[in-house]
Amino acid sequence: MANLVEIRDLRVAFDGVAVLHGIGLEVAPGEALGLVGESGCGKSVTWLAALGLLPSKASIDGSVRLQGQELCNAPRSRLERVRGGRIAMIFQDPASALNPVIRVGRQLCEALRLHRGLTGAAGRAEALRLMDMVGIPDARGRFGLYPHEFSGGQCQRLMIAMALAGEPELLIADEPTTALDATIQAQILDLLARLRAETGMAVVFISHDLGAVAQVCDRVCVMYAGRIVEQGSVAQLFGHPRHPYTRGLFDAIPRLYGPRGALVPISGTVPDPRHPPPGCAFAPRCAHAHGFCATQVPRLLPQRDGRHLACAFPLPERDPQRDYEDALT
Amino acid sequence: MSALIEAEDLVRVYATRQGLFGRAVPVRAVDGVSLRVARGETLGIVGESGSGKSTLGRMLLGVDPAQGGVVRFDGAPLPDKGTPAWRALRARLQMVYQDPLAALDRRLPIARQIREPLDIHARGDDAARRARVAELMQSVGLRADQAGRYPHELSGGQRQRVVIARALACAPELLVCDEPVSALDVSIQAQVVNLLRGLRGENGLAMVFISHDLKVVRNLCDRVAVMYLGRIVEEGPVERLFAAPRHPYTRALISSVPDPGQPLKGRIILQGEPPNPAKRPPGCAFYPRCPQASGICRAELPQMRATGQGCRAACHHLDGADPVPQAA
């Protein structure tokens, strides 16, 4: 199947400081892709750059194709037909993404008018349908309320409704549940999974929460310091991470079950993008690093099991014989 | 075991205005909370935003005065805020906040800030203070050459270490940590959690650890109290409470934590959202969202009852639980 979005060698620099070092990504129609990594690793910048939403001081190189149509550094008119229409994006803080002085119903109708040309009663009916669809109780009665009269979780639902207004083929959700409480976060994750099943749109889920990503996504990319370091299916990566950084992320999370021992942190901190290490960006924090890692940047290469990996000394592959024995016991 | 700090029936009411010219509406942020922390014990307080957990933390230190109930530290009621006796006591009661950059002075090098409590409480002479600062920096994992750095030159995890070192300067007996790792990335969060793990029980240091992150609380705490809309709804030893939660809210809260490798199916997804604290429903505050709610939940406030193995819960639908008197 042809990919919906193909990103090739995307590079971004702010004032000459490179923050993305050549990202390659594909999103298939209807697929749910997770992008994980710690703050500053470039997961949001990748999509802001792809949609031309970065400030003008950012220099962007590479190619972002939406079914053959080039978006990278494309003219504004072409981007505006895509943004909100074919690709929609929702952000971490819904309250600041809504206009505080306009009633939510009008904001929804505006999105419907811009992207689908619906006006008057038709627009209003569709807005109410969307509010129902994202689970706003009593949509009719709350159509004329202002954003501050909704809670954080409901504002995020409204944002999702606005994103759905253009019937997008791809929804980019940038940390959509980070600012929400645990029980509300569960509701929003459930909503995203349900909407994807109902509408068939693809979802890119950007998050630092590995648990949330595992629940929504089919495939995951792990990013570190502006590069993809490991990419594969949720089962592959979560079942048997091979990049030491992916493994480190898992080990650092306290568990909800099992013994309660000291955690295994990743030593040190993320490198300063102004002074990147000469070789693998993770080498200074990596227990597996050898001489090679300090001088050469490992390339992202396909592995036998289908995943992609950028590491010279990865954790060993899973032994099929042992898997077979495990399955027997 | 004697309690280091004991709170009885704490109440804190804020007045909030609805709209610019609206009438002030009382909001009971903390509504009759009783708890005790023994020397060397770590108590976790979990709950969603607006549950009153941060207000409770500040009340334990006397920063937010209680409008009802009493806090006893080491057997004696907490002196009034701002009095010399309270100031002197603050050396024994310290707080660590969520945002280290806001808690630190941007214009002072970090060693000066770690030293400040020693100056305020006049501990030792100049040489002793300098030695204590070096000792503290080492114990929280800061290098000696970082002493002259300013907060903006450090990473988030390092800043939080500075805040912790400063809180530990006067060798407090109780540390109240309000979301100390929430703003940190996973790999750095683990470093700070391990640092706090190391402090636990050291010289009898007791901790109140306020967090919405159940995984961190389970890893770090001995006991945990679950708050909903200003009240404790369930409390008990951490392993027991996480393994067999009895209150429907605790069950939903634990079930909502995404664990890598656990699929979305089978999780309890609550309907609705926490009610506005200014419009607290009568009876059990959780009933509008509770899958087990019945007539009695609307009418009557459930009392805390023992549920076995040191756990207590406040719910009308705890089968087999015995009613016990509220007093600890």
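Note on naming: letters A, B, ... go to the chains in the order of the sequence lines (proteins, then strands), and numbering restarts at 1 for each one. This structure is a prediction, so every number in the text was calculated from the model and none was measured.
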- What distance do Ile253(A) atom CD1 and Asn219(B) atom CG have between them, rounded to the nearest 0.5 Å? 12.0 Å
- pair Val193(B)-Pro254(A): side-chain heavy atoms closer than 4.5 Å: no
- Under the 3.5 angstrom rule, does the side chain of Asn194(B) hit a backbone N or O of Ala262(A) as a donor-acceptor pair? no
- Message: Is Gln185(A) close to chain B through its backbone or its side chain, or both, or neither, when contacts mean heavy atoms under 4.5 Å?
- Response: side chain
- Query: Between Pro258(B) and Gly211(A), which heavy-atom pair has the shortest distance, and what is it?
  - Reply: CB-C, 3.4 Å
- Item | Top contributor to chain A interface from Glu239(B), Gln158(B), His212(B) [non-hydrogen pairs under 4.5 Å] | Glu239(B)
- Interatomic distance, CD@Gln189(B) vs CG@Leu263(A), rounded to 0.5 Å, equals 8.0 Å
- Query: Does a sphere of radius 6.0 Å around CD in Gln271(B) hold more than 12 heavy atoms from other residues, nucleotides or ligands, not counting ones at 6.0 Å or beyond?
  - Reply: no
- Item | Heavy-atom contact with chain B under 4.5 Å, split by part of Pro259(A) | backbone
- Message: Using a 6.0 Å cut-off, check whether atom CZ of Arg194(A) has over 12 heavy atoms from anything other than its own residue.
- Response: yes
- Message: For the backbone of Arg218(B) and the side chain of Arg255(A), can you confirm whether one donor and one acceptor N or O come within less than 3.5 Å of each other?
- Response: no
- Task: For atom CZ of Arg223(B), decide whether the heavy atoms of other residues, nucleotides or ligands shown that lie under 6.0 angstrom number more than 12.
- Result: yes
- Comparing Gly152(A), Ser151(A), Gly239(A), Gly135(A) against chain B, the one with the most heavy-atom pairs below 4.5 Å turns out to be Ser151(A)
- Closest approach of Glu273(B) to Gln154(A) (non-hydrogen atoms, all atoms of both residues): OE2-CG, 3.4 Å
- Message: Please find the pair of heavy atoms, one from Ser49(B) and one from Asp181(A), that lie closest to each other, and give the distance.
- Response: OG-OD2, 2.6 Å
- Message: At a heavy-atom distance under 4.5 Å, which candidate from Val264(A), Leu256(A), Ile266(A) has the highest pair count against chain B?
- Response: Leu256(A)
- Note on the structure: Cut-off 4.5 Å, heavy atoms of chain B, and the answer for Asp251(A) is neither
- Query: If every non-hydrogen atom of Gln191(B) is compared with every non-hydrogen atom of Pro265(A), which pair is closest and at what distance?
  - Reply: CG-CB, 3.4 Å
- Of all of Val234(A), Leu210(A), Ile184(A), which one pairs up most often with chain B through heavy atoms under 4.5 Å apart? Ile184(A)
- Item | Interface residue of largest heavy-atom contact number with chain B, from Ser39(A), Gly268(A), Ala212(A), Ser267(A), under 4.5 Å | Ser39(A)
- Message: For chain B, which candidate among Gln187(A), His148(A), His208(A) shows the most heavy-atom pairs at distances under 4.5 Å?
- Response: Gln187(A)
- Query: Looking at OG1 of Thr183(A) and CD1 of Ile269(B), how far apart are the two atoms once the value is rounded to the nearest 0.5 Å?
  - Reply: 10.5 Å
- Query: Could you give the distance from OH (Tyr257(A)) to NZ (Lys215(B)), rounded to the nearest 0.5 Å?
  - Reply: 10.0 Å
- Contact part of Val192(B) toward chain A, heavy-atom cut-off under 4.5 Å: side chain, backbone, both or neither? neither
- Looking only at heavy atoms, which of residues 179-187 of chain B get nearer than 4.5 Å to chain A? Asp185(B), Val186(B), Ser187(B)
- When Ile268(B), Asp213(B), Leu270(B) are compared by non-hydrogen pairs under 4.5 Å with chain A, the top option: Leu270(B)
- Return yes when atom CD of Glu153(B) has more than 12 non-hydrogen atoms of other residues, nucleotides or ligands closer than 6.0 Å, and no otherwise. yes
